[in-house]
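Proteins get letters first, then strands, A, B, ... in listed order; numbering begins at 1 in each. It should be emphasised that the depicted structure is a prediction, and the values quoted were computed from it without experimental measurement.
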Amino acid sequence: MGYWLLKSEPQTFSLADLEMAPDRTTPWEGVRNYQARNFLRDGLQVGDEAFFYHSGTARPAVVGIVQVVRAGYPDTTAWDPASPYHDPGSTPDHPRWHRVDVRFVRRLRRAVTLAELKRYRDLLGDFALLRPGSRLSVLPVTAEQWAFILEREAQAPP
DNA sequence: GCCAACGTTGGC
DNA sequence: GCCAACGTTGGC
């Protein structure tokens, strides 16, 4: 089973929004970066778990856990001219962008902030989130990194 | 609001 | 294929 991290700006779509969504499930769509697209299309499998990460805030942090309930399938918002994610280069015959469906699992007992993760950079190894200038909105997490962040959750903030 | 990092575009 | 210009992301 794989582990991932999904970024979202809470003002656009927050963990609370997911909690209130029908079935507590949402398509993870609108990703328009090829590397992230490849993870969505080929990497994330049903049953995989992902951290829900809030970016673009004063306190960027891992705030929850979601589970993949549908593996990669075409992102139809790409060929919807009314969608902010419209991309005329993607067509039903040749979809360029993909999405997955994720379901809310739980909120973390406390947010584990980016600042905190940076303090433990040495213990986290090569973590995609901590790479300089990393802007990937979908990124892989190793089993060790996953376990470590859950350990941090169980402890008092540093 | 600023700025660094990065991806994409398009001229050549 | 190179590279400058531009737009976007996202932390601070």
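Rounded to whole Å, the distance from CD on A:E116 to P on C:dG11 is 15 Å. Between A:D87 atom CG and C:dG7 atom P the separation is 18 Å, expressed in whole Å. Between the C1' atom of B:dC6 and the CG atom of A:L139 lies a distance of 15 Å, rounded to the nearest Å. Between the CG atom of A:L114 and the P atom of C:dT9 there is a distance of 18 Å, given to the nearest Å. The OH atom of A:Y53 sits 8 Å away from the C1' atom of C:dG10 (whole-angstrom rounding). As a whole-Å value, the separation of A:L136 CG from B:dC6 P is 11 Å. One atom, CG of A:N33, and another, P of C:dG7, lie 18 Å apart when rounded to the nearest Å. Going from atom CZ of A:R135 over to atom P of C:dG10 covers 7 Å, rounded to whole Å.
Formation of a donor-acceptor pair under 3.5 Å by the A:R37 side chain with backbone atoms of A:R96 is found in this model.
The side chain of A:Q35 has B:dG7 as its nearest neighbour among B:dG7, C:dG11, B:dT8.
Proximity of A:Y34 to the phosphate of B:dC6: no side-chain N or O atom is located under 4.0 Å from OP1 or OP2. Phosphate proximity of C:dG10 to A:K7: present, with a side-chain N or O under 4.0 Å from OP1 or OP2.
For A:W79 and A:Y85, the ring centers are positioned 6.0 Å apart or more.
Among A:F39, A:W97, A:F52, A:Y73, the single residue meeting the ring pair (Phe, Tyr, Trp, His ring centres under 6.0 Å) criterion with A:W28 is A:F52.
Looking only at atom types and distance, the side chain of A:R32 has no donor-acceptor partner in the side chain of A:S90 under 3.5 Å away.
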